[in-house]
Amino acid sequence: MTPFSDSVRCLAVVGAQWGDEGKGKLSDILAARASVVVRFQGGANAGHTVRVGDDEFILHLIPSGILTDGVRSLLGCGVVVDPWALQREAHGLTARGIAVTGRMGISRRAHLVLPHHREMDVAQEVGRGDNRIGTTSRGIGPAYRDKVAREGLRLGDLHDWGRTCRIVEAGARRARFAVEAVGVDPGDRAGLDAALTLERLGDLRQWLLGMATSTGDEIRSALAAGKRVLLEGAQGALLDVDHGTYPFVTSSTTTAGAAAAGSGIGPTLIDEVLGVVKAYVTRVGEGPFPTELSGREAEKLRRIGREFGATTGRPRRPGWFDAVAMRHAAAVNGLTGVAVTKLDVLDSLEEIKIASCYRMDGKEIDRFPDSAADLDRAEPVYETWPGWREPTTECRTFDELPARAQAYLRRIEEVASAPLRYVSVGPDRAHTVPI
Ligand code: GDP
Ligand code: IMO
Ligand code: MG
């Protein structure tokens, strides 16, 4: 059964590594069968690439469904929305002939990322020195911090301008202290100027409120009418604030539990959870990464896989597929299926490795450590697979794939304990093998 077969109405797509697994490509393909596509966590830190013919779109906040006619795009309450990033993205899409107006809804409960959050994000990274996280500088952590501290500004608050002013002024003041506290001179940083923020927010207020909705109600109505809903995750399990490599994580729950909470529905409405993984692994930003490659091997994967961040342009750190991390990601997400992407990137390799377990303190372990410090000490124990050394990009069925590639994919399926649903063999929509 492929996702969105007749019995599947509501499907969550989640990253099962450190992000950039190809969620955008998969979501775009699945959107063809959906009426509604919902982002449920994260913000403009995401960069989801979708190739449509010769056109490449990089979506940061707007769900990938926007590229499919007739699909409604929603941002759930779990998303932190930077109004200016959203405006830039909407303008960029409109200029390329993609209608956005009238097709997007944002939860009234969604929190806004404000300029002072971005100032704080940058300053706090400076303050962390050698312990920096390598954030995307999009203000994500500080915006979630304000949300959890019950000091954030929600979209629905914009109805009450007096309340909006109080929240923005208090937030900018706290941000100024926070910037000073890490030894950065707040000087005349525009992002800390509440009056300026309010002036700029005032310009977008009506546009934003025009999109205000209850995403939960919309999803429930769509499902009740027999329509299909796709919940599009951002980041990946290993960047999850609880289940990832804390503190080298993002500030949201990136795993499937958030697909319900962050979109406003109950978990029992979700029929399938599709985990997306690369046929190898990449990570961008700091933090432990047991199977990381260095030198020429790393360069080769980075070059063939074009491994540069879709949001920040930073080079991604490549490494071998990690079965220990995969088992963890499958477990915490309750995956019901896996999609393996970028298989083609491995086409020319003579040998391909998978870390089947780690060695720590002289013992072999197959459980993903709970602390980043322990993970840092873990040495991967590899199994070696012979490369297939044939192009796979033109394969359209599983049987057309080289036998060695099939065996490698079956091994990933076994590790994930969930059936293989899709294999991606290139960036285009057509470069896809449904199973
Ligand atoms: P996301 O954040 O999970 O949506 O992934 P990104 O868009 O950040 O990164 C995935 C990159 O790989 C993008 O540049 C995609 O165009 C590209 N891509 C996706 N699937 C494949 C594939 O099967 N093969 C190749 N060569 N590239 C792919
Ligand atoms: P998509 O959705 C890869 C990483 C950052 C950093 C850490 C914290 O495209 O897969 P943040 O700005 O969120 O506070 O940064 O998380 N990160 C991502 N890495 N893909 C992403 O999104 C990411 N979003 C955040 O590099 O290490
Ligand atoms: Mg990405």
Side-chain angles (χ1 to χ4, degrees), residues 13-29 39 41-52 55-61 63-64 80 82 113 117-118 120-122 124-125 128 132-145 232-241 244-252 254 275-289 301 303-317 339-347 391-393 395 422-433:
V13 168
V14 292
Q17 294 166 331
W18 275 289
D20 302 331
E21 299 91 346
K23 300 174 294 294
K25 176 184 160 164
L26 258 294
S27 298
D28 169 65
I29 288 170
R39 277 276 310 270
Q41 46 71 231
N45 49 349
H48 294 183
T49 314
V50 179
R51 278 264 294 267
V52 185
D55 286 331
E56 184 174 90
F57 296 89
I58 299 180
L59 299 154
H60 299 288
L61 260 173
S64 301
V80 285
D82 178 332
V113 180
H117 293 131
R118 273 180 277 132
M120 257 171 95
D121 195 354
V122 173
Q124 284 171 337
E125 280 286 87
R128 287 182 189 115
R132 70 184 178 280
I133 294 164
T135 73
T136 58
S137 325
R138 297 300 186 268
I140 303 298
Y144 278 117
R145 178 188 285 229
E232 177 182 356
Q235 291 83 50
L238 307 178
L239 288 170
D240 184 284
V241 68
T245 51
Y246 191 89
F248 301 99
V249 292
T250 190
S251 298
S252 67
T254 61
V276 187
V277 287
K278 281 181 192 171
Y280 49 99
V281 182
T282 61
R283 172 163 208 171
V284 56
E286 306 301 318
F289 181 1
L301 272 188
R303 178 172 45 79
I304 305 175
R306 297 169 187 261
E307 295 296 356
F308 294 89
T311 296
T312 56
R314 290 178 291 176
R316 295 177 183 147
R317 301 155 60 189
V340 178
T341 63
K342 303 194 101 163
L343 184 75
D344 55 298
V345 174
L346 304 181
D347 285 351
T392 54
T393 298
C395 296
Y422 285 96
V423 180
S424 174
V425 288
D428 292 1
R429 279 176 174 168
H431 297 149
T432 310
V433 177

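Start at 1 and go down the list; that is how both ligands and their atoms are numbered. Every heavy atom of this structure was used, including side-chain atoms; hydrogens, water molecules and symmetry mates were not.
Each of the following atoms of ligand 1 lies closer than 4.0 Å to a heavy atom of His48: 1 (P), 2 (O), 4 (O), 7 (O).
Only side-chain heavy atoms of Lys25 come within less than 4.0 Å of ligand 1; its backbone N, CA, C and O stay farther off. Looking at Val425 against ligand 1, only its backbone comes within 4.0 Å, counting heavy atoms.
Considering backbone and side-chain atoms together, Gly24 places an N or O closer than 3.5 Å to an N or O of ligand 1.
Under the 3.5 Å distance criterion, with hydrogens and angles disregarded, no donor-acceptor pair is assigned to the side chains of Arg138 and Thr136.
What sits closest to atom 20 (N) of ligand 1 on the protein, heavy atoms only, is Ser424 OG, 3.4 Å. Scanning the protein heavy atoms around atom 10 (C) of ligand 1, the nearest turns out to be Asp20 O, 3.7 Å. When hydrogens are left out, the protein atom nearest atom 6 (P) of ligand 1 is Gly47 O, 3.5 Å; that is the closest non-hydrogen contact. Scanning the protein for heavy atoms near atom 27 (N) of ligand 1, the closest one is Lys342 CE, 3.4 Å. Distance from atom 24 (N) of ligand 1 to its nearest protein heavy atom, with residue and atom name: Asp344 OD1, 2.7 Å. Of the protein's non-hydrogen atoms, Thr49 CB, 3.9 Å is the one closest to atom 15 (C) of ligand 1.
Only one option out of Arg314, Lys342, Arg317 pairs with Glu307 in a side-chain contact (heavy atoms from CB on, under 4.5 Å); it is Lys342.
Draw a line from the Mg ion (ligand 3) to O of Gly47 and another to OD1 of Asp20, and the angle between them is 160° (to 10°).
Contact analysis puts Arg316 in contact with ligand 1, with a non-hydrogen atom separation below 4.0 angstrom. Under a 4.0 Å heavy-atom criterion, Arg306 is not in contact with ligand 1. Within the 4.0 Å heavy-atom shell around ligand 1 one finds Gly426.
The main-chain N or O of Thr250 is never found under 3.5 Å from a side-chain atom of Gln235 such that the two would form a donor-acceptor pair.
Phe248 and Pro288 make their closest contact through CD1-CD, 3.7 Å (heavy atoms, listed as atom of the first residue, atom of the second, distance).
In this structure, ligand 2 sits under 4.0 Å from heavy atoms belonging to Trp18, Gly19, Asp20, Lys23, Asn45, Ala46, Gly47, His48, Ile133, Gly134, Thr135, Thr136, Ala234, Gln235, Leu239, Val249, Thr250, Val284, Gly285, Arg314.
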